[in-house]
Amino acid sequence: MDIAEYIRLVFSDYTLRTITLGTAILGAVTGMLGSFAVLRKQSLLGDAISHAALPGIAIAFLITGAKDSNILLLGALVSGLIGTFWIRGIISKTHLKSDTALGLILSLFFGFGMLLLTFIQKQPNANQAGLDKYLFGQAATLVESDVWMMTIVTGACLLVLLLFWKEFKILLFDADYTKTLGFNTKFIDILITTFIVLATVLGLQTVGVVLMSAMLLAPAAAARQWTNSLGMMVFLAAIFGALSGVFGTAISATQNNLSTGPVIVIIAGIFVLFSFIFSPSRGLLFKQIRFIKNRRDLQLHKTLTFMFRIAETHENISHPHTVKILNNFQGFTKRTLQKLVRKNYVKLDGNMWSLTEEGFKTATNLYNQQNSNDE
Amino acid sequence: MSKNIAVKVDDLTVAYNYKPVLWDIDLEIPEGVLMAIVGPNGAGKSTLIKSILGILKPIAGSVEIFGMSYAKQRHLVAYVPQKGSVDWDFPTTALDVVMMGTYGSLGWIKRPGQKEKKEALEALEKVGMLAFKNRQISQLSGGQQQRIFLARALVQNASIYFMDEPFQGVDATTEIAIINILKELRKAGKTVIVVHHDLQTVPEYFDWVTFLNVKKIATGPVKDIFNDDNLTKTYGINYKVSIQE
């Protein structure tokens with residue numbers, strides 16, 4: 001299937017359209033909220049929430065006996081919230097660090113959820129099959145009402161973000177200071193956390209308990225590399241998340257039976273990898289290039305200064321000197337000399353070199369600069 | 001002295017776990033002084049400020065700002081936290097951080113506008129950082145970051161300024177710039193309370209001092225109480241600081 005045909009299919013095929021829309025919206029909302037989780041250094045919160053949601057799904061099924069996804073997700077939401085606020089409680093009431101509290105709640109709730117799932121599977125009820133799809137997610141089960149649900153939550157999330165943007169920003173940056181200005185930091189905190197839980201739970205059906213945290217973290221981590229503005233970061237994270245959803249769905253739909261959730265997560269991972277390497281200001285590649293270039297420049301300047309000091313001893317600064325002298329200078333190579341010649345700082349005549357007018361001027365400046373730095 | 005009392009602390013006791021960090025602190029800070037809080041590490045200096053500002057909840061005691069509760073007088077108070085208390089890699093600019101100083105008067109939901117931006121730019125100019133307004137904050141030096149924090153507090157246009165170690169990790173130039181701003185604030189009748197580490201500079205910078213080591217040791221004018229006796233009581237070792245008369 002070629003790309004044009006696939007794009008036509010996305011618009012005409014109901015199932016494909018639903019899944020593409022659903023994963024795109026999901027990616028956008030988790031990307032936005034994930035930015036906040038990452039900046040609060042609560043990257044693992046998403047992992048804890050998604051695992052904590054599992055018993056809620058099981059209990060909701062046990063109570064209603066139905067597999068209506070909205071009811072199951074309501075159960076997930078309740079148990080996800082309980083887990084999250086227990087984590088907060090543990091951190092504030094005991095000496096345990098946040099990673100310990102997160103790990104504790106994550107495994108406890110997940111263990112309990114798995115227990116309930118096996119219990120449900122032993123039941124003589126034909127309806128129970130497929131509950132375990134929440135472990136790894138199954139995008140194919142998305143229907144229109146699920147997408148509507150995602151749209152509503154995303155809309156609400158956008159509204160809250162726009163309303164409380166200034167409050168979110170200042171709380172993320174400096175919570176104590178926010179308190180002294182008279183803001184109820186607990187309220188802002190609960191608001192952010194609740195939306196993070198909501199977005200996480202929303203993704204369980206598609207991406208699943210195990211991989212859900214990547215949807216929160218990966219787009220945000222990638223976005224951070226490209227910008228130094230919070231607004232831009234949240235926007236980019238939403239875009240990266242949405243694109244991960246669209247591309248992930250496309251790949252899994254065109255390759256036979258590749259599970260959608262993991263593919264989306266891998267695409268998001270590729271965004272991260274690409275951003276870590278190629279971002280102009282923070283990326284590894286350009287950092288390394290800048291580092292090497294700086295070293296080269298410094299080496300060149302050092303050599304020029306050394307030559308300047310030799311030339312200085314003569315009345316005529318353009319008086320030729322032998323190249324051999326330069327061998328005493330550590331760090332001198334033929335290449336630096338050639339570079340200096342190319343820059344027209346130095347003239348080379350056989351085995352003799354001499355400073356040009358321009359080279360002398362540049363070297364004088366460098367030399368004075370160095371001296372004033374030493375002071 | 002007929003001066004107003006800017007900050008009045010009564011019986012303040014604060015504990016993190018079992019061990020009290022501050023014990024039964026009574027403190028009156030007159031309006032218009034430039035005061036240093038000195039004491040050894042773990043003496044509760046930052047805790048004292050944070051308790052006055054309501055960031056920490058004390059076990060007992062009360063705090064009054066110009067005769068009323070802090071909650072009512074919040075708009076008269078500005079705070080400069082320790083530089084190390086925030087993540088400077090946060091994606092924002094110097095101007096944006098300074099603008100945060102206007103958030104308190106704006107209240108919920110309302111966004112800062114042209115007026116707030118103008119105030120923030122003025123504060124940046126006062127601390128000599130106008131040229132860096134669009135700089136990402138992680139690309140500022142330690143001293144510049146401290147100036148940004150100071151500018152953020154200046155924007156609040158408060159009557160009382162609490163500062164937690166504003167001289168920590170800054171170079172000599174910045175230290176002089178900061179102390180000049182503090183002295184200007186005092187000249188304008190503001191009260192400035194500074195957690196301070198460098199005992200040598202206390203007589204030069206400050207006119208009021210509080211010695212603290214879990215309990216309050218002494219408080220008063222520098223020229224009366226900044227002596228070897230109080231230093232020894234606070235730091236527990238024989239201290240000799242020569243004070244220029």
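Reckoned from all heavy atoms, side chains included, excluding hydrogens, waters and symmetry mates. Everything numeric in this text was worked out from a predicted model, so none of it was measured. The chains referred to below are lettered A, B, ... by the order of the sequence lines, with proteins before strands, and numbering in each begins at 1.
Closest approach of A:Glu167 to B:Ile109, counting heavy atoms only: OE2-N, 2.7 Å. The two residues A:Leu181 and B:Met100 make their nearest non-hydrogen contact at CD1-O, 3.6 Å. Across all their heavy atoms, B:Phe90 and A:Leu39 have their closest contact at CE1-CD1, 3.9 Å. Shown here for A:Arg224 and B:Gln136, the closest heavy-atom pair between the two residues is NH2-NE2, 4.0 Å.
Side chain of A:Lys166 to backbone of B:Lys110: a donor-acceptor contact under 3.5 angstrom is found.
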Between B:Phe149 and A:Tyr177, does a side-chain contact (heavy atoms from CB on, under 4.5 Å) hold up when you go through it step by step? CA-CA 11 Å; B:Phe149 259 14; A:Tyr177 182 72; over 6 Å; no
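When heavy atoms are compared at a cutoff of 4.5 Å, A:Phe168 does not approach chain B at all. Proximity to chain A (any heavy atom under 4.5 Å) is restricted, for B:Tyr70, to the side chain, taken from C-beta onward. Of the two parts of A:Leu230, the backbone and the side chain both hold a non-hydrogen atom closer than 4.5 Å to a non-hydrogen atom of chain B. With a threshold of 4.5 angstrom between heavy atoms, B:Tyr16 does not approach chain A through any atom at all. Heavy atoms closer than 4.5 Å to chain A are found in the side chain of B:Val97, but not in its backbone. A:Lys41 touches chain B through its side chain: at least one heavy atom from C-beta onward sits under 4.5 Å away, while N, CA, C and O do not. Residue B:Leu56: no heavy atom, backbone or side chain, is found under 4.5 Å from chain A. A:Phe164 touches chain B through its side chain: at least one heavy atom from C-beta onward sits under 4.5 Å away, while N, CA, C and O do not.
Heavy-atom neighbours of B:Lys183 NZ from other residues, nucleotides or ligands within 6.0 Å: above the threshold of 12. Heavy-atom contacts from other residues, nucleotides or ligands closer than 6.0 Å to CH2 of A:Trp86 number 12 or fewer. Atom CH2 of A:Trp165 is surrounded by more than 12 heavy atoms from other residues, nucleotides or ligands within 6.0 Å. B:Glu125 CD: 12 or fewer foreign heavy atoms inside a 6.0 Å radius.
Residue with the most contacts toward chain A among B:Gly104, B:Pro81, B:Pro91, B:Gly54: B:Pro91 (heavy-atom pairs, distance under 4.5 Å). In terms of heavy-atom pairs under 4.5 Å with chain A, the best-connected choice from B:Val77, B:Asp96, B:Ile137 is B:Asp96.
The existence of a salt bridge linking B:Asp89 and A:Arg282 is confirmed by a sub-4.0 Å separation between a basic side-chain nitrogen and an acidic carboxylate oxygen.
Residues B:Tyr79 and A:Asp174 form no side-chain contact, since every pair of their non-hydrogen atoms from C-beta on lies 4.5 Å or further apart.
Annotation: the span from A:Thr180 atom OG1 to B:Gln156 atom CD amounts to 6.0 Å, rounded to 0.5 Å. For the atom pair CH2 (B:Trp108) and CD1 (A:Ile188), the distance works out to 4.0 Å, reported to the nearest 0.5 Å. Separating the NZ atom in A:Lys169 from the CE atom in B:Met99 is a distance of 7.5 Å, to the nearest 0.5 Å. Annotation: the span from B:Ile55 atom CD1 to A:Thr178 atom OG1 amounts to 9.5 Å, rounded to 0.5 Å.
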